[in-house]
Amino acid sequence: MSDGLSALPCSFFARPVLEVAPDLIGCTFLFDGVGGRLVEVEAYRRDDPASHSYRGRTPRNAVMFGPPGRLYVYFTMGLHFCVNVVCQGEGEAAAVLLRALEPTDGVELMRRRRGLTELRSLCSGPAKLTQALDITRADNGTNACRPCPPSLDGDSPRVRFLARPEGTTPRVVSTPRIGISVGTGSPWRFVDGDSRFLSRPLPRPRG
DNA sequence: GACTTGATCCCG
DNA sequence: GGGATCAAGTCC
């Protein structure tokens with residue numbers, strides 16, 4: 001469970017996306033109190049042909065061009081949603097795609113929404129994750145980081161990123177990203193190399 | 001390999 | 001404006 005973990009501040013996301021992405025592994029992501037420990041993410045940048053922001057701002061990707069710490073939710077393949085968190089500075093249009101997490105909070109609700117019981121299948125893919133957490137188009141642009149400064153804390157936000165438990169450091173491994181046809185040479189998928197909750201297992205180490 | 005829908009592109 | 005294209009995926 002996520003009790004006692006501290007919320008990530010906005011400044012966490014206002015850094016180069018290739019630093020934020022691996023740092024998110026092992027952090028907890030909650031939407032309306034439902035979620036778990038992030039085990040797989042991908043980084044996308046504006047100078048990256050695989051990124052939605054590569055060809056400039058459009059109505060669809062506008063949130064990517066906004067300030068860091070907001071959710072960018074997009075609709076894809078006719079029936080799925082995927083969720084990112086915007087990084088770097090406003091206008092830089094970088095984001096981290098949340099691809100998989102280890103369910104820890106609200107597991108029964110996730111099972112009901114997914115129509116499955118097996119823990120490993122609840123959030124082991126970007127569209128599975130949004131279905132389990134009930135993230136949709138309506139949540140595009142939602143602020144996801146702790147209000148800065150903390151004195152501005154108002155209504156409890158629906159979205160929370162929580163820091164890794166103190167003293168824990170996952171074994172982060174980078175691999176090529178999944179499901180893209182360009183930019184395949186950039187190893188900007190980051191996973192917890194010891195997790196059983198990935199969308200795909202790591203390639204077996206060559207020996 | 002099929003499915004499903006909407007954003008984007010390119011032509012006009 | 002309108003039709004063609006194809007998508008950061010999932011399940012059988």
Side-chain angles (χ1 to χ4, degrees), chain A residues 13 16-18 20-22 24-25 29 31 35-36 38-66 68 70-88 92-103 110-142 144 159 161 172-192 195-203:
Chain A
F13 301 99
V17 70
L18 293 182
V20 176
L24 276 173
I25 299 301
F29 177 63
F31 187 76
L38 290 168
V39 297
E40 176 177 340
V41 302
E42 287 177 356
Y44 289 87
R45 302 199 308 204
R46 188 172 182 181
D47 64 348
D48 161 17
S51 174
H52 289 172
S53 58
Y54 183 65
R55 289 176 187 79
R57 181 179 177 139
T58 67
R60 181 206 203 195
N61 65 22
V63 171
M64 280 189 82
F65 288 78
R70 288 183 179 167
L71 298 187
Y72 165 49
V73 182
Y74 67 87
F75 180 73
T76 190
M77 306 313 253
L79 63 165
H80 298 302
F81 294 102
C82 296
V83 61
N84 300 248
V85 58
V86 177
C87 296
Q88 301 189 177
E92 295 183 32
V96 175
L97 171 67
L98 309 183
R99 287 192 56 91
L101 59 79
E102 173 180 346
M110 289 191 260
R111 286 189 166 124
R112 222 172 305 154
R113 289 169 176 165
R114 292 273 298 127
L116 296 167
T117 55
E118 192 191 300
L119 208 56
R120 279 177 61 164
S121 304
L122 292 182
C123 298
S124 54
K128 298 179 186 179
L129 188 156
T130 58
Q131 186 184 26
L133 273 58
D134 193 27
I135 293 172
T136 69
R137 181 192 314 291
D139 306 305
N140 188 34
T142 302
V159 187
F161 284 93
V172 179
V173 177
S174 76
T175 81
R177 293 170 294 182
I178 292 174
I180 54 174
S181 54
V182 291
T184 50
S186 302
W188 294 347
R189 171 179 179 244
F190 300 92
V191 307
D192 175 347
S195 175
R196 311 178 298 125
F197 295 88
L198 306 181
S199 69
R200 296 187 191 177
L202 279 180

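Nothing here was measured: the structure is a model prediction, and the numbers come from that model. Every chain is numbered from 1, with letters handed out A, B, ... down the list of sequences.
Separation of atoms CE (A/M64) and CG (A/N84) is listed at 6.5 Å; rounding is to 0.5 Å. For the atom pair CD1 of A/I135 and CG of A/L71, the computed distance is 6.5 Å after rounding to the nearest 0.5 Å. To the nearest 0.5 Å, atom OH of residue A/Y44 and atom CG of residue A/N61 are 14.0 Å apart.
Side-chain contact of A/Q131 with A/R114: a donor-acceptor pair under 3.5 Å is present, judged by distance alone. The closest side-chain donor-acceptor pair between A/T175 and A/R189 falls under 3.5 angstrom.
Across all strands, A/A50 comes closer than 4.0 Å to base atoms (heavy-atom distances). Using a 4.0 Å heavy-atom cutoff across all strands shown, A/R177 reaches no nucleic acid atom at all. Within 4.0 Å of A/I180, counting heavy atoms only, lie sugar-phosphate atoms of the nucleic acid but no base atom. Residue A/R189 is out of contact with every strand shown, counting any heavy-atom pair closer than 4.0 Å.
The partner of B/dA2, taking Watson-Crick or G-U wobble pairs whose two distances both stay under 3.5 Å, is C/dT10.
A nucleotide of DNA chain B counts as in contact with chain A when one of its atoms lies under 4.0 Å from a heavy atom; the first and last such, 5' to 3', are B/dT4 to B/dC9. The outermost nucleotides of DNA chain C lying under 4.0 Å from heavy atoms of chain A, listed 5' to 3', are C/dA7 to C/dC11.
Ring planes of A/Y74 and A/H52: perpendicular class, angle over 60° (limits at 30 and 60°).
Summarising the local packing, CZ of A/F65 is surrounded by more than 12 heavy atoms from other residues, nucleotides or ligands at distances under 6.0 Å.
Shown here for A/D48 and A/R177, the closest heavy-atom pair between the two residues is OD2-NH1, 2.6 Å.
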